[in-house]
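First the proteins, then the strands, lettered A, B, ... as listed; each starts at 1.
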Amino acid sequence: MARTASCACGILVAAALAAAPARAKVAAPDSIADMSLEQLSEVIVTSVSRQQERLGGTAAAIFIISAGDIRRSGAQSLPEALQLAPNLQVARVDARNWAISARGFNGPFANKLLVLIDGRSIYTPLFSGVFWDAQDVVMEDIERIEVISGPGATIWGANAVNGVINVITRAAADTQGGLLGYAGASRDQSGVARYGAALGNGGSYRLYGKYQQFDDTVTASGVNTRTGMHRAQAGFRADWAWREAGLTLSGDGYQGRLGQLSALPVDISGANLQGRYTRQLGPEANLRLQLILDHTERNQPGQFFERLSTLDLDAQHDLRLNPRNVLTWGGGYRHSRDKVTSLQGTAFLPGELHLAWANLFAQDEFAITPALKLTAGARVEHNHYTGAEYLPSLRLAWTPDSRQLLWSSLARTVRAPSRFDRDLYTPGAPLLVGGRRVYLVGGNGSFQSEVARVVELGYRAQPVAALSYSATAYYSRYDRLRTLEPLAGPAAAALYAFDNRAEGSTRGVELWGRWLVTPAWSLHAGLAVQRVQQHPLPGSGDLTRTFGLLPNDPGRHWQLRSSHDLSEHSTLDLALRYTSALPYPAVPAYYELDGQWMWQAQPNLELALIGRNLLHRSHPEFGALPGRSVVERSVQLKLSLRF
Amino acid sequence: MAAGTGLAGWQQRGAAALLACVLLLAALAAAAGGEASVEAQVKAAYIYRFAELIDWPPDAFAGSAAPLTIGVVEADPVAAELNQLRRTRQIKGRAVLVRTLRAGDAASGVQVLYLGAQEGARLRRQLEAAPSQGVLCITDGAGTLGAGSAISFVQVDNRIRFDVSVAHAERSGLKISARLLAVAHKIEGDRP
């Protein structure tokens, strides 16, 4: 057996990581038994199976960005950390805007990806996407980021169409003591202060403050885009754990100013408060209750001024019904008051709108045999615009042994309309055209949900302790995709309106793997190959392309990372990434290299030299000429002091 | 579902080659498979290293040639792994026995007791039922030292580390070597 294993893993290594001959030495399965305590503490045991259990035994294309990965990458913001996930496409648009998506449909207004921070959704019902410039987390406080590409609607709800990003922060007990950090130099700077301690009654807490400033970017011809920003954020988290129950309270508040070209700066601010209670009801039954209050403001001179207040209540119960069935069920209610003051550029009508979402879901994991599990689930989610939406999924997972998993899934998911689709009018007041008052783009009260049907096939394995990899193939079919149609007739209130007159498909493969070459050196590789197609239906006069709303996706992107412990006190990390050309607007393919050298000068003092985009002086990642920003080479020095 | 027609299109795609490659790898990996998870292997190896670095009181063993018995409660993969190891490896010159226990079984006659991940109250009851002297109790999960164990496994950054309670070890009459403490993730109570 040992012979077959080493032969097979040699081939695996060679094939999966394109490394030369199978002579490469990897830890044989037997060698773990002889490792020292120090070596054992360095063996990576993938937490994927644990995540699966939490996701209700579902098999999915899940990539975990660990705290160690983030620390070693030198990432200073969430989008930079997300670049570590091979199943995400992350493109920097300008100083503060990012285009982030999984499995295509990318753009600064990408709307098929759900993002949560500790269970709090950060997507805005304004356009079903994320204002990345309004989100921040202390990088050192992140426990892990789960990136699931593919549909997650049964568990996570509508909008988890092409993927879910779950940012999970550390428990307060794991962030005790003080931390002072500063990073800065050629571009951008950030500073963080955090302090954590125990509370008298068995709990613990942390408080933090963070300041971040991004310099303006320039265009290829050197024109300043004025998109720089600065933002300050502070918050806390407190956790209590009792024998069978746990309580977490957390909150954040932020304020920032964002630059924009030819207009006054955008002012943003917001605060949220969150409580989560978990209780073990029995040996294999758990209850989770969560309440979130969230308020955000965004005053975008020339465009709109939005004030959004949200209350979100969620409950989930999971229990083992019998030896073969595990049931997870729950429900939630969310209410938002969205108040948008229309300015010259845009109007959202009605100006004040109460939106409510309610959902019920249930999912059963049925063990057909101990190695073969079928998970069937469905969610009914009611939204303000289209009423009830059905989000079913069916997953099959086969674990022939504990080192591998073959899985497949079928799912239907929707992107429910946002205010952008239904209530957007532009410009802010109607124009006088041919003697009548019309908007250029007007709302369409009958815009429907976009629907996706997805089939996936995946395989994950860890043939030996030192090597793990995952492969997923998917095909998705989209119906009722958004188009922008010209309106005819003298009665029309606008020249154009959004409609659902396109269909499309995506197909692709996602591969990633990790190889612990020696205890001090690991290699990570990831590749996504995709084909994204969107066609207007017959009779459509779609103009989304003209308005710059059409998604723009590369055919493939890959990354190769090397993490090397140079000594007990210093590490060197290099990450090479490649993104192929974007079709429209055209953006050339690019290679870039990020790196970090970190030195533990004292047990409590860490110094890091971080380089980003080192291969070229500058390159564009997204957008159309001539106003498009380029991403420039940058070098930063980072200091962290713990006390 | 319309997926069928879409999947047919795979044949023309270069991606098909990748998929074929993956399936080939899967077949190869399947040939190599059949072992316990890495996590169980790592934990079993840890339990061996711990036992080598702990001093038991003299009366913990029936005699100088008596075997060292490891009791495993509700952690079959780790028990299976330990059973593999015991065939070829001794601890401190003693043969090793592995006893698979169910919750509620008496844990008498064991020198090491490993309890798989379970909820706090049950864990506490089992630890209270275990002999108070001469047994190294190991639990699984952050914060489980509170139930009374001397060592607990914790998962940190995708790796298995361990916390140590010196007080709980001393209460059981065990001496933990400094070498073990040096690698511990967290230590509760004073270092000796």
Looking at B:Lys43 and B:Glu39, is there a salt bridge between them, counting it only when a charged N and a carboxylate O are closer than 4.0 Å? yes

Within-4.5 Å side-chain heavy-atom neighbours: B:Arg87 and B:Leu85: no

Report the C-alpha separation of A:Trp512 and A:Tyr469 in whole Å, then their side-chain angles, then the decisive distance to 0.1 Å, and conclude whether the ring pair (Phe, Tyr, Trp, His ring centres under 6.0 Å) test is met. CA-CA 6 Å; A:Trp512 59 81; A:Tyr469 63 90; over 10 Å; no

Would you please go through residues 53-73 of chain B and name the residues with a non-hydrogen atom below 4.5 Å from one of chain A, in numerical order? B:Leu53

Do B:Gln133 and B:Ser172 pair up side chain to side chain, a donor and an acceptor below 3.5 Å, judged on atom types alone? no

With chain A as the partner, which of B:Lys186, B:Arg124, B:His185 has the greatest number of non-hydrogen pairs under 4.5 Å? B:Arg124

With side chains defined as the heavy atoms from C-beta onward, is the minimum distance between B:Ile91 and B:Tyr48 less than 4.5 Å? yes

Could you look at A:Glu38 and say if it's the side chain, the backbone, both or neither that has a heavy atom under 4.5 Å from chain B? both

Check: B:Glu74 side chain, B:Arg102 main-chain N or O, donor-acceptor pair, under 3.5 Å: no

So, the side chain of A:Asp239 versus the backbone of A:Ala172: is there a donor-acceptor pair under 3.5 Å, distance only? yes

Using non-hydrogen atoms only, which part of A:Ser505 is less than 4.5 Å away from chain B: side chain, backbone, both, or neither? neither

